[in-house]
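Okay, so here's the structure we're looking at.
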Number of protein chains: 2
Amino acid sequence: MDALSVLLHIPLFAGLPADQMRILAGCAREKSVRAGQMVFADAQESRGLHLVVWGRVKIFKSAPEGREQTIFVFGPGEPFCLTALTDQVSPAGAMALEDTRILLFPAEVLEAVARKEPSLLFNMLLALSRRLKESIDLIESLSLKEIPQRLAAFLVNSLDQEGRDERIDLRFPHRELAKIIGATPETLSRVLKRMSEDGLLKLEGRTIKILSRPGLNLIAQGGQPPSGDG
Amino acid sequence: MDALSVLLHIPLFAGLPADQMRILAGCAREKSVRAGQMVFADAQESRGLHLVVWGRVKIFKSAPEGREQTIFVFGPGEPFCLTALTDQVSPAGAMALEDTRILLFPAEVLEAVARKEPSLLFNMLLALSRRLKESIDLIESLSLKEIPQRLAAFLVNSLDQEGRDERIDLRFPHRELAKIIGATPETLSRVLKRMSEDGLLKLEGRTIKILSRPGLNLIAQGGQPPSGDG
């Protein structure tokens with residue numbers, strides 16, 4: 001794989017001159033991670049900036065008894081561990097949700113490039129601001145919203161992100177979806193069944209077929225779900 | 001008040017040369033906010049960077065029916081709205097917990113200073129990284145920890161932050177504490193009563209006297225509270 005051709009399309013590196021881009025491409029280390037394998041542990045030291053080339057990675061926290069909360073899911077072109085430049089240890093763990101290929105940039109090279117080209121710092125600030133906004137939205141969701149509303153919001157956002165109208169290919173088991181919306185697998189299953197009975201969606205394995213986007217929108221915004229005969 | 005003398009002691013502006021510091025001090029607008037008043041609303045536009053001179057401000061999300069979750073509490077010397085440079089709208093609302101004095105820096109002046117002195121971007125990146133870590137810790141707390149553990153962690157952190165051994169002056173009502181740890185006022189009251197009966201702390205109005213820091217440490221780390229006769 002040609003690292004340079006990957007970097008050219010990454011918003012985080014937008015505006016960097018060719019020589020700095022080559023320095024980054026030259027220092028990048030490739031890493032393959034199988035689905036279910038850890039990329040790094042929570043509170044692990046000195047990791048550098050990560051970039052998903054293909055596949056998907058979740059950032060998560062776990063409790064001693066094994067429960068988990070997913071905080072972010074990152075796909076192709078998305079950087080993670082943006083705090084690598086400023087923090088010695090990772091604020092959470094990272095695990096591959098699918099077979100994943102990652103590029104890894106040592107913090108010291110990133111810092112040297114940023115010193116020459118502060119636009120990289122601005123881009124990192126932009127990316128970190130978005131992460132902070134997303135984490136604030138998750139806090140709002142966990143503390144102030146019920147499970148159906150969280151699930152509906154997740155489904156509507158997924159449609160928006162993938163630019164699709166009527167189907168979401170999860171590509172991971174339902175138990176991973178439960179960790180994203182902060183529910184037990186049993187509760188998620190119950191809510192999905194209810195939404196299916198209400199004619200809002202249809203489950204086809206790991207694919208969720210959306211039957212009423214307006215209905216889901218309404219629930220996502222905190223409204224009452226439409227009646228079961230709708 | 002001399003804005004320049006305030007700025008000299010703020011870590012966010014550390015390393016800035018005197019001329020840039022004077023530009024920032026010159027553009028800063030002072031704002032007084034009474035306890036309970038909004039500093040800005042959720043999703044409000046173009047606000048600039050805020051700095052607490054004295055008093056305290058909470059950043060929070062609220063649900064339509066009035067429930068609230070506090071995300072951050074900022075005191076003297078702490079900046080907020082760090083996303084002002086990169087995001088058009090605020091990701092949450094801000095309200096004064098006490099009578100508060102704020103300095104406000106327009107985003108465009110901040111951007112001009114950062115263009116000359118990229119160290120400001122690095123300092124902002126550092127501050128945003130910490131906020132992100134704090135918000136991830138809150139997500140972990142809300143989704144994976146029970147109320148007594150959250151409360152114990154809050155108390156232990158407060159002791160650490162204030163460099164104190166045995167008393168925490170909340171300076172705000174218990175209902176605000178409930179919004180910080182993500183509990184109803186009734187649940188908080190019940191947990192505080194239980195901790196008081198267990199000899200861990202003593203309530204004196206808005207002051208919490210800590211009787212057993214090791215006991216609270218244990219609960220904060222997810223251990224069982226000591227028995228009531230301890």
Are there more than 12 heavy atoms of other residues, nucleotides or ligands under 6.0 Å from atom [atom1] of [X]?
X	atom1	result
B/Lys116	NZ	no
B/Lys193	NZ	no
B/Gln37	CD	yes
A/Arg171	CZ	yes

Shorter than 4.5 Å, heavy atoms on both sides: which option in [options] has the most such pairs with chain A?
options	result
B/Arg67, B/Met124, B/Glu65, B/Lys133	B/Arg67
B/Ala92, B/Ser119, B/Ser141, B/Pro118	B/Pro118
B/Pro91, B/Gly222, B/Ser129	B/Ser129

Using 0.5 Å steps for rounding, measure from the [atom1] atom of [X] to the [atom2] atom of [Y].
X	Y	atom1	atom2	value
A/Glu68	B/Glu140	CD	CD	11.5 Å
B/Leu142	A/Gln69	CG	CD	9.0 Å
A/Lys61	B/Ser143	NZ	OG	10.0 Å
A/Ile139	B/Leu138	CD1	CG	4.0 Å

Please flag which part of A/Ile59 lies under 4.5 Å from any non-hydrogen atom of chain B: side chain, backbone, both or neither.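 A/Ile59 has no heavy atom closer than 4.5 Å to chain B.
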
Which answer fits A/Leu132, side chain, backbone, both or neither, if we ask what part of it has an atom under 4.5 Å from a heavy atom of chain B?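 For A/Leu132, the contact with chain B is made by backbone and side chain together.
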
For the interface with chain B, which of A/Leu125, A/Ile136, A/Leu126 has the highest count of heavy-atom pairs at distances below 4.5 Å?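 Counting heavy-atom pairs under 4.5 Å, the top option is A/Leu125.
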
Could you work out, with side chain to side chain contact (heavy atoms under 4.5 Å, CB included) as the rule, every residue matching A/Glu78, not counting sequence neighbours?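 Partners of A/Glu78 under the side chain to side chain contact (heavy atoms under 4.5 Å, CB included) test: A/Phe74.
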
B/Phe60 portion near chain A, given a 4.5 angstrom heavy-atom threshold: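 For B/Phe60, no heavy atom lies under 4.5 Å from chain A.
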
Could you pull out the closest heavy-atom pair between B/Phe122 and A/Thr86, with the gap in Å?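 It is CZ-CG2, 4.1 Å.
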
